[in-house]
Amino acid sequence: MAKPSRIASSNEITASSTREPLNQDLAKKVRTAYTRIEERGMSACLFGSQGTCCKNCNMGPCQIIDGVESMVGICGATADTVAARNFARIVAAGTAAHTDHAREMVRGFIATAKGETPHEIKDVAKLHKMAQLFGIATEGRDKNAIALELGERALAEFGQQESTPLTMLKRAPQKQQKIWKDKGVEPRGVDREVVETLHRTHMGVDQEYHNIMRQASRCALADGWGSSMLSTELTDIMFGTPVPRRATIDLGVLREDMVNVTVHGHEPLLAESLCLAAEDEELLALAKKVGAKGINLAGVCCTGNEILMRRGIPVAGSFIQQEMVLATGAVEAMVVDVQCVMQSVAQVVKEKHTDIITTNYRAMMPDAVHIQFDEHNSYASAKQILTHAINNFKKRGPHYIPKDKKFDVVVGFSHETINYMLGGRFRQSYRPLNDNIINGRIRGVAAIVGCEHYKHADNVHEIIAKELIKNNVLVLATGCAAQALGRVGLMRPEAATEFAGESLREVCETVGMPPVLHVGSCVDNSRLLIALTEMVHEGGLGNDIAELPAVGTAPVWMSEKAVAIGQYFVASGAHVIFQNLPINGAKKFSDYILKGLKEEYGACWGVASEPLDIAKAMIAAIEEKREALGINKKKERVLMDMAMRREIEAGKGIGGMGCGGGKH
Ligand code: XCC
Ligand code: SF4
């Protein structure tokens with residue numbers, strides 16, 4: 001059985017750099033998550049954390065002890081059933097969150113295609129690619145007409161009632177598709193999978209943990225290959241597919257002389273509209289009038305990642321920094337939409353001039369100001385929100401901006417960019433990446449994704465990433481994990497020289513890329529699915545995702561979304577390691593999650609409590625795949641003669657632009 005997760009001691013937490021700004025007198029006056037943890041202690045309910053507390057009906061709540069006859073549920077439900085039901089419900093909630101986000105993006109996409117928003121269809125190449133997938137004609141058609149048809153088709157996939165699998169599944173490697181078909185886990189309509197999961201985990205329905213998990217996989221796949229992927233692709237088409245760019249992150253991006261507006265949450269439609277309106281002449285004049293030089297937009301959490309990736313807008317903070325951003329007293333307004341927004345933010349600003357502005361009817365909060373964002377009127381909505389913020393500027397009181405907390409990052413590594421960076425302008429492909437993996441320069445790829453967590457020390461991601469790159473594993477990061485890695489300097493190209501193993505360093509230096517690539521927000525984990533698929537299609541690394549030397553972790557997950565993501569990776573053949581999972585109280589179920597799933601999908605979950613152990617388990621998983629592929633044999637070092645050099649110079653040779661060079 002997996003060891004329980006290691007929780008950071010409060011000393012470690014106090015020492016954390018994230019918390020440092022709180023030592024300011026000003027910030028000491030606010031209560032934060034750290035205060036609450038100190039007051040309540042670190043412990044959590046044992047049954048809850050082991051997955052064996054059931055409150056699915058009013059005969060309970062029942063606390064189940066595995067193997068004790070008198071301690072099954074009143075209805076007779078066993079520990080395995082209860083843990084599986086709880087796990088599936090986490091997946092369903094996570095999927096629902098990504099799905100509702102995706103639906104809003106598709107609706108915004110349709111409105112854009114109709115010319116009803118200030119946005120436009122930017123990435124026409126991607127539009128055509130997606131249209132082709134959906135069987136939509138493109139020849140001689142106006143981009144908006146294509147986009148409208150695509151948007152409507154995409155929207156229909158959410159509510160699809162027939163048993164036809166989701167269109168995006170066709171993008172997966174053939175072998176993956178076959179596994180899903182054979183197992184009966186091809187998702188149908190996205191909403192249907194969420195509903196069915198909730199139904200099947202209701203009292204007295206599905207009481208067989210394998211069967212419950214089959215539905216959980218189906219639901220998760222509907223998230224990864226369905227709603228999240230739709231969201232990422234349509235958002236890219238509308239706002240542009242990210243390309244590498246320099247930017248800055250952390251609290252120091254707040255400006256003394258400007259109106260600071262932070263955008264927190266997830267849906268880029270709101271943030272993109274704010275970006276446009278922040279350059280509005282009328283608003284800039286108003287800002288001048290109140291004595292500000294302009295409007296400084298900065299992101300928080302995944303909304304931050306979205307506008308960081310596409311526009312290079314700075315990020316003020318990640319999940320665990322949301323209260324700190326406000327504790328500075330330098331923010332005129334924090335505009336929030338959905339997900340990962342803590343209710344405490346409105347309390348942190350109680351004595352301050354800052355307004356928390358909620359913008360989505362789904363997500364209201366006591367003591368916040370509500371200005372409903374309307375995608376059909378998004379520019380006007382954005383202007384209204386920013387006007388509100390500007391009017392707060394003059395009321396700014398004592399404040400503190402930690403100016404030294406500002407770090408350079410290079411971001412924007414969409415899967416298309418990785419293609420381009422490694423493949424070069426003339427031969428964009430994953431060939432060089434695959435070649436570098438086959439020749440061992442890059443041992444494999446590892447995804448570090450997901451949240452941060454107040455109960456864990458905040459260098460968990462850093463420890464894992466440094467160990468991975470030291471061992472020549474290329475790291476791809478998303479979500480708040482990506483921001484945590486950016487804050488410790490791992491997203492600068494120089495980090496390759498400083499921290500990467502010799503062969504990874506060489507690859508990064510030649511291409512000019514960091515050893516840790518920022519791939520985007522949490523819904524952008526779907527980019528990783530595509531990247532993995534491309535690696536399979538490129539050839540030489542097996543026939544499905546399960547054969548690739550690739551592995552993922554969301555070490556300090558907090559949100560239910562992270563478990564949905566983990567499950568769709570596992571069901572897609574990618575091994576995933578977390579620091580803890582609510583499965584410990586159910587022996588058979590936990591064995592199934594940690595081992596059994598592998599027989600079905602070629603991948604399973606893993607749990608390791610120490611960050612270094614997570615990294616080592618990831619490296620071991622990669623090496624195991626290399627061994628199975630037969631690419632682990634030591635290569636002879638070839639001394640090159642002139643003819644070979646000429647061949648390489650002529651571009652026929654090794655590794656494509658940049659990644660080749662003499663040392664095979
Ligand atoms: Fe961050 Fe995405 Fe996690 Fe929320 S969930 S804490 S990664 S903002 Ni995506
Ligand atoms: Fe208890 Fe069963 Fe009701 Fe759950 S469903 S609360 S185990 S009686």
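Both ligands and their constituent atoms are indexed starting at 1 by order of listing. Both backbone and side-chain heavy atoms feed into the values below; hydrogens, waters and symmetry mates do not.
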Chemist: For Phe578 and Trp605, I'd like to know if the aromatic rings sit close, meaning centre-to-centre distance below 6.0 Å.
Modeler: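 Yes; Trp605 has its ring centre under 6.0 Å from that of Phe578.
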
Chemist: Taking only heavy atoms of Ser559 into account, list the atoms of ligand 1 that are under 4.0 Å away from them.
Modeler: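 Result: 5 (S).
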
Chemist: May I ask you to identify, for His266, whether its side chain, its backbone, both or neither come under 4.0 Å of ligand 1 on a heavy-atom basis?
Modeler: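 Side chain only.
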
Chemist: Under 4.0 Å from a heavy atom of Gly73: give me the atoms of ligand 2 that qualify, with their elements.
Modeler: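 Heavy-atom distances to Gly73 below 4.0 Å select 7 (S).
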
Chemist: Is it true that the side chains of Thr478 and Asn525 contain a donor and an acceptor less than 3.5 Å apart?
Modeler: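 Result is yes, a qualifying pair exists.
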
Chemist: Any side-chain donor paired with an acceptor under 3.5 Å for Gln483 and Asn305?
Modeler: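 Yes.
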
Chemist: Provide the number and element of each atom of ligand 2 under 4.0 Å from a heavy atom of Gly60.
Modeler: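 Those qualifying, in numeric order: 6 (S).
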
Chemist: Give the numbers and elements of all ligand 1 atoms closer than 4.0 Å to a heavy atom of Phe319.
Modeler: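 Once the distances to Phe319 are compared, the set is 6 (S).
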
Chemist: By number and element, which atoms of ligand 2 are closer than 4.0 Å to a non-hydrogen atom of Arg85?
Modeler: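 Matching atoms, with element in brackets: 4 (Fe), 5 (S).
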
Chemist: Closest non-hydrogen protein atom to atom 1 (Fe) of ligand 2, residue and atom name please, with distance?
Modeler: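 Going atom by atom, the protein heavy atom closest to atom 1 (Fe) of ligand 2 ends up being Cys62 SG, 2.3 Å.
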
Chemist: Identify, for atom 3 (Fe) of ligand 1, the protein heavy atom at the shortest distance, and state residue, atom and that distance.
Modeler: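 For atom 3 (Fe) of ligand 1, the nearest protein heavy atom comes out as Cys451 SG, 2.5 Å.
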
Chemist: Should His199 and His202 be marked as a ring pair (Phe, Tyr, Trp, His ring centres under 6.0 Å) after you check the CA-CA gap, both sets of side-chain angles, and the distance that decides it?
Modeler: CA-CA 5 Å; His199 173 204; His202 179 277; 7.3 Å; no

Chemist: Quick test of your reading of the structure: of Cys302, Gly520, Gly265, Gly450, whose heavy atom lies closest to atom 7 (S) of ligand 1?
Modeler: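 Going through Cys302, Gly520, Gly265, Gly450 one by one, Gly450 has the nearest heavy atom to atom 7 (S) of ligand 1.
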
Chemist: In the protein, which heavy atom is nearest to atom 4 (Fe) of ligand 1, and how far is it?
Modeler: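 So the nearest neighbour among protein heavy atoms is Cys340 SG, 2.2 Å.
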
Chemist: Of the protein's non-hydrogen atoms, which lies at the shortest distance from atom 3 (Fe) of ligand 2, and what is that distance?
Modeler: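 Protein heavy atom at minimum distance: Cys57 SG, 2.3 Å.
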
Chemist: Quick check: closest heavy atoms across Val409 and Gly486, and the distance to 0.1 Å?
Modeler: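 Here Val409 and Gly486 meet closest at CG1-CA, 3.7 Å.
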
Chemist: At a 4.0 Å cut-off, with the gap strictly under it, does some heavy atom of His202 reach an atom of ligand 2?
Modeler: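 Distance cut 4.0 Å: His202 fails for ligand 2.
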
Chemist: Please name the pair of heavy atoms, one in Phe373 and one in Leu269, separated by the smallest distance, quoted to 0.1 Å.
Modeler: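 Result for this residue pair: CZ-O, 3.9 Å.
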
Chemist: How far is atom 1 (Fe) of ligand 1 from its nearest protein heavy atom, and which residue and atom name does that atom have?
Modeler: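 Closest protein heavy atom to atom 1 (Fe) of ligand 1: Cys480 SG, 2.3 Å.
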
Chemist: Check the pair Met168 / Ser526 against side chain to side chain contact (heavy atoms under 4.5 Å, CB included), numbers first and verdict last.
Modeler: CA-CA 11 Å; Met168 293 287 212; Ser526 61; over 6 Å; no

Chemist: By number and element, which atoms of ligand 2 are closer than 4.0 Å to a non-hydrogen atom of Cys75?
Modeler: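 Selected atoms, number and element: 2 (Fe), 5 (S), 7 (S), 8 (S).
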
Chemist: Distance check, rounded to the nearest 0.5 Å: Ser559 atom OG versus Gln339 atom CD?
Modeler: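 Reported value, rounded in 0.5 Å steps: 7.0 Å.
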
Chemist: Minimum heavy-atom separation for Asp250 and Lys405, please, with both atom names.
Modeler: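 Reported closest heavy-atom pair: CB-O, 3.3 Å.
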
Chemist: Specify the closest pair of heavy atoms between Val576 and Gly566, including all atoms of both residues, with the distance to one decimal.
Modeler: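 Closest pair (atom of Val576, atom of Gly566, distance): CG2-O, 4.0 Å.
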
Chemist: Taking both backbone and side chain into account, is any N, O or S atom of Cys522 nearer than 2.8 Å to atom 9 (Ni) of ligand 1?
Modeler: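 Looking at Cys522, which is the residue asked about, there is an N, O or S atom under 2.8 Å from atom 9 (Ni) of ligand 1.
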
Chemist: Can Gln207 and Thr81 be said to form a side chain to side chain donor-acceptor pair (under 3.5 Å), step by step?
Modeler: CA-CA 6 Å; Gln207 341 226 16; Thr81 302; 5.8 Å; no

Chemist: Below 4.0 angstrom from a heavy atom of Cys301, which ligand 1 atoms are there? Numbered from 1 as shown, please.
Modeler: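 Heavy-atom distances to Cys301 below 4.0 Å select 8 (S).
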
Chemist: Counting each atom of ligand 1 from 1 as listed, which ones have a heavy atom of Met558 under 4.0 Å away?
Modeler: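 Ligand 1 atoms under the 4.0 Å threshold to Met558: 6 (S).
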
Chemist: Within less than 2.8 Å of atom 4 (Fe) of ligand 2, any N, O or S from Cys54?
Modeler: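 Cys54 does place an N, O or S atom closer than 2.8 Å to atom 4 (Fe) of ligand 2.
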
